[in-house]
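Structure record follows, encoded as C-alpha cells.
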Amino acid sequence: MGSTDDKGIEKSMDFIDFNYENPTVFHACNYFLNLLKTNNFKYLSGRDVWDNQLKPGGKYVTTRNGSSLVAFEIGKNWKAGQGIGIVGCHIDANTVRLKPISKKEPVDGFRQLGAAPYGGGLGPTWWDRDLSIGGRLILYSSEKKQYSSELVQIKRPIARIPTLAPHFGKDAEGPFNKETQMTPVIGLMTEDEESPTDEERKCPIIDRHDIKLLRALAKEAEVEVADIRQVELELFDVQRGAIGGLDREFMFCSRLDDKLCSYAAVQGLIKTAGSSPDSINMVALFDDEEIGSLLRQGARGGLFESVVERINAQFDGDDELLRLTYANSFFVSSDVTHGVNPNFTNSYLEHHKPKLNYGMVVKLDPNGHTTSDSISTALIEQIAKKSSNKLQYFHIRNDSRSGGTIGPYLSSATGMRAVDLGIPQLSMHSIREATGSQDVYLGIEMFKAFYSSWYGVDQQFKHGDL
C-alpha cells in the first residue's frame, strides 16, 4: 500500500470542499460546468444550433437537465472518422428524494417529510444522521413571463430519521418499513402555526409541501415563495468529509459513488489541454446510473451519441465517417469499485483484492456487467505502464453478484472498445463512505495519462481485429 504525501492529501481536501459545497446532482453538474467554463470551455446549449460553432483546437461543454454533462476538446488535427478518447462517469448518488406531495399530517406533535428512496437511499446507514435538503427550484417571473431554474441548499441539519431505542425489544430489531418507520422528522408543531399568506398562495404547490420548508428554501434561494412553481429536492448527509487514519491514510466522506471518479476525470481533462492534437478528448458525466440510466439525462438517454453526431456533422462527416469515428474511439467507463475490507476478506476473490492508495482498478466480469475485455485491458495497461501508474484488478466471487456500470450500455450502443476502470473505496452505498487519502490524486494522474497518450498507444492496436 502506498504511503501518504502532502500532494495527495491536498487533492483529497479539494475534493472534500467540492463535495460539501455541491451535495446534490444539480449542484455537482453546475460546479463542473463553471469549472470547465473557467478553463476556457465554451458552453453550447443543446437547444441551439451548433453550426459554425466547433473549430479545430476548440474546447466545449454542454449539459442536459442540469444534471448531466459532456465536455470535449477537439484536437487541432482532428478530422471526422478519427477517434475520441472518452471517460464516462455518473454524478448521481444513492439518496432520498422529496415526494411530489411531501406534506404529512403531524404525528404526536412532530412535523415529518414525505420522502422516497432513490437507488439505495434509506438503507440502514441513514438512521440517526444529520440530514439537510437541496436541489433545484423551478421559478416563474410574472414580470418577465419566463420560467427559470435556481439551485438551493440548506447547509445546516434540518432532518433526522430516528432509531427506536433497543429497550423496546423486537420492535427495535427490524426489519423496518421504509414508508412508515423511516420518515424524516423536520420539526415540532407549535400552537400558533402560521398559515400561508395571500401572496404565498400564488404558489401552485403551496398545499403540497410544508409551508415552513417552502419558506426556508425561498429564503436560501433569495426568492419569494409565490415564485416557486415546482421543486426537485433530495436529502443529504450534511457532515463535511475528513482525512482520517493514524498516518492520514484515509478520506471519510459522503457521496463518493461516483463523484469521486467524476471529479478526477474532469481534472484530468482540464490538465491535459492540447496534449492530443489528432483526437478528441471527452468527459461525459451522467445522471440516473443508480436507477438504471434510462432517463434522458442517463447514459442510455442519447446525450453522448447526440454530441458525437453533431461534432461529426460540423466536420462534414457522413454516416460512414460517424461509424468510423466510433470504431477508432476508446471509452473508459469509470465508476468506483470495491476496495478490500479486512473484516470481510473472505468475501473477496483471491488475488482480486484492491488496496487503497495504490492505483485504479480494472473491473472484469464474464457476464457482461462491466465492459472490460482482453483488448481494452491490454490498451489501458500500456497507458499505465508508459506513465508509471499502477493498476489493480477486481473480479467478483462466483457465489456473489456483480454490480453494473454505464460501460455495457455505451459500448454496445456504439461499438466502441471500452474498459471499466475505477477508484477503490470502502463502505459502498453507505451514507458515509471511505477511500484512500491518495486515491483522488492517483485517479487524476491516471486520467491525465489516458488523455495525453491514449491516441498514440492506440496506433499499436490498429492491426487485425484489435
Side-chain angles (χ1 to χ4, degrees), residues 7 10-11 14-15 18 31-44 50-63 69-89 261-285 304 307-317 321 324-326 328-332 334 360 379-380 382-389 416-417 419 421 440-462:
K7 185 182 294 185
E10 180 181 345
K11 295 298 182 184
D14 289 344
F15 175 85
F18 147 75
Y31 169 86
F32 289 127
L33 172 62
N34 289 330
L35 178 65
L36 288 156
K37 288 166 67 174
T38 300
N39 283 274
N40 301 315
F41 282 74
K42 180 181 178 181
Y43 176 70
L44 300 173
W50 289 9
D51 288 353
N52 303 315
Q53 295 290 315
L54 306 182
K55 308 292 183 184
K59 298 188 292 185
Y60 307 94
V61 59
T62 189
T63 60
L69 174 152
V70 174
F72 56 97
E73 179 183 10
I74 303 172
K76 62 181 181 181
N77 300 328
W78 188 85
K79 298 178 181 178
Q82 293 176 208
I84 303 174
I86 312 105
V87 177
C89 315
C261 295
S262 299
Y263 182 88
V266 172
Q267 293 288 336
L269 179 67
I270 289 172
K271 293 178 184 297
T272 52
S275 64
S276 191
D278 297 310
S279 73
I280 292 176
N281 281 346
M282 181 179 290
V283 65
L285 308 180
F304 164 74
V307 169
V308 175
E309 289 166 8
R310 295 176 86 164
I311 295 172
N312 179 69
Q314 290 304 300
F315 280 76
D316 300 320
L321 287 174
L324 187 60
T325 289
Y326 283 134
N328 284 319
S329 297
F330 191 83
F331 173 47
V332 177
S334 189
M360 293 192 73
L379 196 150
I380 204 70
Q382 181 60 16
I383 292 173
K385 181 179 179 181
K386 283 173 58 70
S387 57
S388 299
N389 282 282
M416 294 184 297
R417 294 158 299 156
V419 69
L421 185 72
V440 175
Y441 171 75
L442 292 173
I444 294 172
E445 290 301 299
M446 185 63 211
F447 289 134
K448 285 168 56 179
F450 170 75
Y451 284 124
S452 61
S453 64
W454 84 268
Y455 185 84
V457 171
D458 184 50
Q459 303 312 298
Q460 302 173 47
F461 284 76
K462 298 189 71 172

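Quick note: residue numbers are just sequence positions, from 1. Side chains included, hydrogens not; waters and symmetry mates left out as well; all remaining heavy atoms used.
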Can you tell if the side chain of Gln267 reaches within under 4.5 Å of the side chain of Leu35, non-hydrogen atoms only? yes
Are Gln53 and Leu44 close enough that some pair of their side-chain heavy atoms sits under 4.5 Å apart? yes
Check your understanding: Given side chains that start at C-beta, do those of Tyr263 and Phe32 come closer than 4.5 Å, heavy atoms only?
Key -> yes
Separation between CG (Asp458) and CZ (Arg417), nearest 0.5 Å, reads 4.0 Å
Between the CZ atom in Phe72 and the CZ atom in Phe41, the distance rounded to the nearest 0.5 Å is 9.5 Å
- Query: Would a line drawn from the ring center of Trp78 to the ring center of Phe315 be shorter than 6.0 Å?
  - Reply: yes
Ser329 meets the side-chain contact (heavy atoms from CB on, under 4.5 Å) criterion, sequence neighbours left out, with Ile84, Ile86, Thr325, Met416
Applied to residues 273-283, the salt bridge (charged side-chain N to carboxylate O under 4.0 Å, His left out) test, sequence neighbours excluded, yields none
When rounded to the nearest 0.5 Å, the distance separating OG of Ser262 from CG of Leu285 is 4.5 Å
Correct closest heavy-atom pair for Glu73 and Gly274 would be OE2-N, 2.8 Å
Rounded to the nearest 0.5 angstrom, the CZ-CG distance for Arg310 and Asp51 is 9.0 Å
Margin query: Looking at Ser334 and Cys89, would you say the former's side chain and the latter's main chain have a donor-acceptor pair under 3.5 Å?
Written below: no
Taken to the nearest 0.5 Å, the spacing of Ile74 CD1 from Ser276 OG works out to 12.5 Å
Asn312 side chain vs Gly317 backbone, donor-acceptor pair below 3.5 Å: yes
Next on the checklist: Are the side chains of Val283 and Val70 in contact, using a 4.5 Å heavy-atom criterion?
Outcome noted: no
In this structure, NZ of Lys271 is separated from CG of Leu269 (nearest 0.5 Å) by 11.5 Å
With a cut-off of 3.5 Å and sequence neighbours excluded, list every side-chain donor-acceptor pair involving residues 441-455.
| from | atom 1 | to | atom 2 | distance (Å) |
| --- | --- | --- | --- | --- |
| Glu445 | OE2 | Lys448 | NZ | 3.1 |
| Tyr451 | OH | Met282 | O | 2.9 |
| Ser452 | OG | Lys448 | O | 2.8 |
| Ser452 | OG | Ala449 | O | 3.4 |
| Ser453 | OG | Ala449 | O | 2.6 |
| Trp454 | NE1 | Asn281 | OD1 | 3.1 |

Note to self: I want to check something: taking the side chain as every heavy atom from C-beta on, are Asn328 and Lys462 in contact at a cut-off of under 4.5 Å?
What the structure shows: yes
message: Let's go through Leu36 and Val266 carefully: what are the C-alpha distance in whole Å and the side-chain angles of both, what is the deciding distance for side chain to side chain contact (heavy atoms under 4.5 Å, CB included) to 0.1 Å, and is it a yes or a no?
response: CA-CA 8 Å; Leu36 288 156; Val266 172; 4.2 Å; yes
- Query: How about Leu69 and Val61: do any of their side-chain heavy atoms sit closer than 4.5 Å?
  - Reply: yes
- Query: Between the side chains of Lys55 and Gln314, does any donor sit under 3.5 Å from an acceptor?
  - Reply: no
